[in-house]
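What follows is one structure encoded as structure tokens, with my remarks underneath.
Hydrogens, waters and symmetry mates play no part in the numbers below; they use all other heavy atoms, side chains included.
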Amino acid sequence: MTTALLSTADELHARVRRGRRAVVMTMGALHEGHATLIRTAREIAGPDGEVVVTVFVNPLQFGAGEDLDRYPRTLDADLKLAEQAGADAVFAPAVDEVYPGGEPQVRISAGPMGERLEGASRPGHFDGMLTVVAKLLHLTRPDIALYGQKDAQQLALIRRMVRDLNFGVEIVAVPTVREEDGLALSSRNRYLSPGERRTALALSRALFAGRDRHAAQEALRARAREVPSTQARAEALSAIGESRAAADAHAVATVAPGGPAAVRAAARQVLEEAARFDPPLELDYLALVDPADFTEIGDGFTGEAVLAVAARVGTTRLIDNIPLTFGTLGAAS
């Protein structure tokens, strides 16, 4: 197939639409993570649908001192990757096509959720992000829009905007794509020197440590539910040598720190070690939050959660996260 390169909304609107249109929004510098989004969009849209990839470096979501000027622009390579992944069109508008009157005076506000974590570290970032997403949704007129889970807070805010403002579009989340060593794919990874990249691996290792601590604790809690509740059953298990194992599981599950506190502690230990690397990792935040509003969860929390981290290695700022579920294995049957 030949992927069309379009630069104006009029060109996009002139295309004949026969099926559902799926849109993947990017800032360019495409990599395998973007390719996964495009391939997923192709599967959802089907052979009769249309996949449109937007490439637009949005100036509104870069703050003072951030990397707008050095953000990679690789449109020729982006077009090739998009074509290989199954895109029908790449929409790469100029700034004055998206913002014809200059910076917009009316913008989307991200609200309280947009002031937490990434929003606290990058004031105004999410207002700029939501404004351009709203603009591009209007310009591309999709039935479906796909976003990566690596930008979990961004995804949550887009979903909230679409729901609160009655956008007629389905939002689809696509799992984070990682390199073989665990580093989440990002256009900013190309800025890392070999030494910086080794340090950057602490982000994913910290998340995996938190995940593994959570899984172990939940497994112990599940085993503790098998502890005999009657003297007769205890004596029966003791006769076949199982009472000690059951008692150990019960003790660990009851006494050892568990839940969100243990997850945070396991992840933070990895990050504290990385702070002593050369070059060091400079932690911005580690958070375990409710994806509904990105507030920190407490020890009694049950349900879906996101363990998120942001840090700087050298001059490059990176983010990562993984989803966790609390209370499933520990719930009474």
- Message: Just so I know, are the side chains of Leu12 and Val52 near enough to count as touching, which here means a heavy-atom distance under 4.5 Å?
- Response: yes

- Item | Glu196 side chain to Tyr191 side chain, donor-acceptor N/O pair below 3.5 angstrom | no

- Query: Got Val306 and Ile322 here, is their nearest side-chain heavy-atom distance under 4.5 Å?
  - Reply: no

- Message: Hydrophobic clusters here meaning ILVMFWY residues chained together by side-chain heavy-atom distances under 4.5 Å, can you tell me if Ile319 and Leu183 are in one?
- Response: no

- Inspect the contact between Glu170 and Arg159 and indicate whether a charged nitrogen and a carboxylate oxygen are less than 4.0 angstrom apart. no

- Message: For the residue pair Tyr99 / Asn58, report whether a side-chain donor-acceptor contact shorter than 3.5 Å exists.
- Response: yes

- Ring geometry between Phe326 and His214 (parallel below 30°, tilted from 30 to 60°, perpendicular above 60°): tilted

- Between Glu11 and Arg15, is the closest basic N to carboxylate O distance under 4.0 Å? no

- Does the side chain of Tyr285 reach to within under 4.5 Å of the side chain of Val309, using non-hydrogen atoms? no

- What do the steps show when you test Leu81 against Ile38 for side chain to side chain contact (heavy atoms under 4.5 Å, CB included), and what is the final call? CA-CA 10 Å; Leu81 184 147; Ile38 298 166; 4.2 Å; yes

- Between the side chain of Asn321 and the main-chain N/O of Lys150, is any donor-acceptor distance below 3.5 Å? yes

- Query: Is a side-chain donor or acceptor of Thr3 paired with a backbone partner of Asp88 at a separation under 3.5 angstrom?
  - Reply: no

- Pairwise ring pair (Phe, Tyr, Trp, His ring centres under 6.0 Å) hits with a residue in residues 131-152, at least two apart: His138-Phe167

- Answer yes or no: is there a donor N or O on one side and an acceptor on the other, between the side chain of Gln153 and the main chain of Met113, under 3.5 Å? yes

- So if you build clusters from Ile, Leu, Val, Met, Phe, Trp, Tyr with side-chain heavy-atom gaps below 4.5 Å, do Val57 and Leu60 land together? no

- Arg178/Asp320 ion pair, N-O < 4.0 Å: yes

- Message: Test your reading of the model: is there a side-chain donor-acceptor pair from Asp143 to the backbone of Arg21, 3.5 Å cut-off?
- Response: yes

- Sorted by chain and residue number, the side-chain hydrogen bond (donor to acceptor under 3.5 Å, both in side chains) partners of Asp212 (sequence neighbours excluded) come out as none

- Task: Assess the side chains of Thr8 and Glu97: does a donor N or O sit below 3.5 Å from an acceptor N or O?
- Result: no

- Item | Residues that, via side-chain heavy atoms closer than 4.5 angstrom, fall in one hydrophobic cluster with Val177 | Leu185

- Item | Same apolar cluster (I L V M F W Y, side chains within < 4.5 Å links), Val95/Phe91 | yes

- Side chains of Asp293 and Thr295: do they bring a donor and an acceptor to under 3.5 Å? yes

- Between Asp284 and Ser121, does any side-chain donor sit less than 3.5 Å from a side-chain acceptor? yes

- Item | Whether Ser187 side chain and Ala29 backbone form a donor-acceptor pair below 3.5 Å | yes

- Task: Would you please test Thr26 and Phe56 for side chain to side chain contact (heavy atoms under 4.5 Å, CB included) and show each step?
- Result: CA-CA 7 Å; Thr26 82; Phe56 180 67; over 6 Å; no

- Item | Under 3.5 Å donor-acceptor, Arg276 side chain and Pro280 backbone | no

- Where do Leu139 and Ala9 come nearest, in terms of heavy atoms and distance? CD2-CB, 3.7 Å

- Query: Can you check whether Leu79 reaches Glu83 side chain to side chain, under 4.5 Å on heavy atoms?
  - Reply: no

- Query: Can we say Arg197 and Asp181 salt-bridge, meaning some charged N sits less than 4.0 Å from an Asp/Glu carboxylate O?
  - Reply: yes

- Could you please spell out the steps behind the side-chain hydrogen bond (donor to acceptor under 3.5 Å, both in side chains) verdict for Thr325 and Glu304? CA-CA 5 Å; Thr325 302; Glu304 301 293 324; 3.1 Å; yes

- May I ask you to decide if Ile108's main-chain N or O and Thr131's side chain share a donor-acceptor pair within less than 3.5 Å? yes

- Item | Glu296 side chain vs Leu288 backbone, donor-acceptor pair below 3.5 Å | yes

- Measure from the side-chain N and O atoms of Arg312 to the backbone N and O of Thr315, and report whether any donor-acceptor pair falls under 3.5 Å. yes

- Query: Considering only heavy atoms from C-beta outward, does the side chain of Leu271 approach that of Arg205 to under 4.5 Å?
  - Reply: no

- Query: If you take all heavy atoms of Pro100 and Lys135, which pair is closest and at what distance?
  - Reply: CD-NZ, 4.2 Å

- Side-chain (Arg20) to main-chain (Ile44) donor-acceptor, under 3.5 angstrom: yes

- Message: Check for me, please, whether Met161 and Leu117 land in the same ILVMFWY cluster - side-chain distances under 4.5 Å, paths through other members count.
- Response: yes

